[in-house]
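Naming convention: chains lettered A, B, ... in sequence-line order (proteins, then strands); numbering from 1 in each chain.
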Amino acid sequence: MEKEQRHEKLQDMILVCMILVPLVPFLLTVLIGYYYFTSALENRTVSATRRIVDDHRHMIDFFLQERKADLEFILHSYDFEYLSQQENLLKVFERLQIKSNTFVDLGVFNQDGVHVAYQGPYKLTGRIYKDEDWFSEVMKKGYYTSDIFLGFRRVPHFVIAMAKQEGPKTWVIRATIDTYMFSDMVKKVRIGKTGEAYLLNREGIFQTERRSGGNILDHDPDFAKYIKDDSEIKTFVSRDFQNFEYFVATTWLKDKEWLLVVRQESGDAFSDLRHASYLILLISVVGGGAILALAFFLTNRIIERMIKTDMEKDRLKEQLIRAGRLAELGEMAAGFAHEINNPLQIIKSEQALIKMILSELVEKGLINAPEEMAEVEDSVDQIELQVNRCSAITHQILKFGRKSEITPQDIDLTEFIPDVTHMVSNKAGVNGVGVRLEISDNTPLVHGDAGQLQQVLINLFNNALDAINERHGVQGGELMISSGPDGNNMVRVSVKDNGCGINTEDQKKIFSPFYTTKPVGKGTGLGLSVCYGIIDAMGGSLDVASEKGLGTTFTIRLPASINKR
Amino acid sequence: MEEMKLMLVDDEERFLSTTAKLLARKGFTVFTALSGAEALENLKRHNIHVVILDVKMPGMDGIAVLKEIKRSFPLVEVVMLTGHGTVESAVEGLKSGATDFLSKPMDIDELVQKAKEAFEKRRRLEEKILTAHSDICKKSSG
């Protein structure tokens with residue numbers, strides 16, 4: 001159907017518009033908001049981490065500088081002779097420990113690497129360190145901070161050593177730093193749940209413990225990813241050997257010997273970001289869903305309403321065409337009827353003359369053939385009968401075409417319908433039809449010509465009785481007449497029968513003039529079209545619903561009178 | 001008592017002739033006219049009591065003829081003959097002074113019946129006029 005296609009097309013168009021128009025700005029808003037919001041959050045996280053790294057670097061640097069300064073102070077305050085004495089060394093060491101409890105021990109070495117004096121938990125006095133790396137380094141550079149190593153004591157530690165030229169001889173003092181205390185100091189950075197900080201040397205060996213696993217002197221398998229040539233702070237996201245994603249910040253310290261690594265699981269570092277993303281996703285899904293649902297719902301409503309309006313429009317158009325055609329036909333029919341009445345009149349006069357002449361002839365005895373005469377008389381009577389029949393038809397046509405004067409008045413259907421029904425009760429009784437009335441007490445008044453309305457009802461009743469008779473004979477018929485308010489200030493009157501019904505094809509034509517299904521001579525085909533014209537003129541409608549073999553319902557809808565009962 | 005003189009006015013020639021024959025056989029004196037002009041002419045020449053006048057005629061139509069008859073011959077009774085078979089078309093005729101109306105096709109007996117009634121009316125009217133006239137004469141003479 002062309003109309004259905006049009007509706008579908010329109011439906012698609014409305015749907016697309018109703019989805020796209022709110023959805024596009026909505027999604028754009030969400031996406032743009034998401035982009036700026038997340039980058040702001042990311043920047044905040046990154047810069048916070050950078051700050052932490054920076055602070056930490058300074059702290060570690062400061063710690064190492066301070067320890068160096070401590071040793072420098074000792075070196076410049078005392079000479080080799082003084083410090084070689086065990087009791088002097090003890091005094092100095094005690095003072096040193098007051099300054100920083102990270103000092104584990106303190107030792108004095110002569111030029112040959114012999115441990116001249118030692119104050120600490122190990123028995124290291126007399127040992128020769130001439131071939132140790134740190135010793136040759138300090139002799140060369142005058143200052144040395146080692147990586148963590150095991151050394152003679154087989155415990156991880158790192159040392160700060162310093163050499164001093166005293167005349168021709170050089171001597172060295174060395175202090176060991178408590179690795180675990182140092183490690184704790186580095187470790188104590190806490191960021192979120194998984195944030196951690198640790199030091200690696202140039203080979204990727206742990207210089208401090210890592211909270212998430214990684215003992216001192218172990219090798220960090222992810223070290224290669226952390227090396228950046230720059231001394232600046234680097235931030236990046238990287239996966240570790242266990243395939244966990246980390247947000248990492250690194251910086252070199254101690255003349256690029258140690259690498260400070262601060263890292264946090266990405267999920268943890270960007271948890272705000274993640275939460276925000278989830279929330280935005282949720283809002284998008286719910287909002288988008290709501291837009292879709294609303295679009296579908298509204299589109300359906302609009303199309304439904306449109307189909308209804310279209311149907312109404314078609315119905316009105318059909319009614320209008322029908323009414324117009326009726327009026328035209330009415331006028332035409334009236335013209336024909338009028339013209340036919342003249343020849344009918346002549347036929348009638350001729351017939352009367354023939355009859356008169358014949359009876360005169362018979363009287364005078366001029367015709368002596370009684371049998372033939374009887375036939376001729378019968379024939380002449382038949383002419384009169386048929387002329388009268390024609391006359392009845394033309395009069396009915398003229399009645400149909402005429403615009404007679406009507407006297408509208410308020411009609412109370414609760415009294416009117418029973419009265420009119422009573423007029424056909426006799427016929428109904430003869431045909432064994434049970435007549436049932438269901439007249440609602442709140443049936444509003446209608447305004448119209450009582451005579452016309454009676455004509456309509458009688459016509460419908462008679463049609464119903466004929467239909468019942470055709471199907472049931474003289475028993476089992478049912479005729480129900482009901483009335484009541486019909487919304488929108490309308491009044492409904494239904495005439496329902498269980499007669500032979502009208503097939504779909506005939507239903508379309510029954511209101512057309514001269515259309516009849518009754519046998520020749522039984523109906524003019526004008527009854528229903530007259531009814532239709534009357535109801536139409538009253539501002540109402542007359543509809544039929546029928547099923548062949550089951551029955552027919554005629555429904556009259558009339559506007560309620562402005563006067564209330 | 002004078003005999004009723006009838007005139008049929010219609011544009012259908014055959015209707016006129018047949019109906020005239022029928023009425024003649026029933027013993028009435030019948031004039032016919034095919035048009036309004038002819039009818040008025042006949043009225044001038046003969047003392048016609050009742051006119052059966054078709055409403056729809058070419059030229060001068062029934063209503064115009066009726067008005068002219070009522071103006072020139074007020075005592076003539078007119079029965080309108082209409083093809084519409086309804087009251088409406090006759091109402092104007094009745095308003096303009098027609099006595100009654102007949103709708104086509106009618107029985108000859110119907111026509112006779114209405115014509116007789118019209119003639120009766122005319123007779124009573126004439127009687128009244130005569131009585132009134134004689135009263136006046138008596139008063140003037142007495």
Can you find a side-chain donor-acceptor pair between A:Asp543 and A:Thr555 that sits under 3.5 Å? no
Atom of B:Glu3, atom of B:His49 and distance for their closest heavy-atom approach: O-CE1, 3.1 Å
Given heavy-atom pairs under 4.5 angstrom as the criterion, report whether the side chain, backbone, both or neither of A:Glu360 touches chain B. side chain
Criterion side-chain contact (heavy atoms from CB on, under 4.5 Å) against B:Asp54, the qualifying member of B:Glu12, B:Lys104, B:Met80: B:Lys104
With a 4.5 angstrom heavy-atom cut-off, which part of B:Asp107 approaches chain A: side chain, backbone, both or neither? both
Looking at A:Gln351, A:Met356, A:Glu339, which makes the most heavy-atom pairs under 4.5 Å with chain B? A:Met356
A:Asp497 side-chain N/O to A:Thr552 backbone N/O, donor-acceptor pair under 3.5 Å: yes
Could you verify whether a donor N or O on one side chain and an acceptor N or O on the other, from A:Ser379 and A:Glu375, lie under 3.5 Å apart? no
Chain A shares the most heavy-atom pairs under 4.5 Å, among B:Lys21, B:Arg14, B:Arg25, with B:Arg25
Output the option from A:Ile340, A:Asn342, A:Leu353, A:Ile346 having the highest count of non-hydrogen pairs under 4.5 Å with chain B. A:Leu353
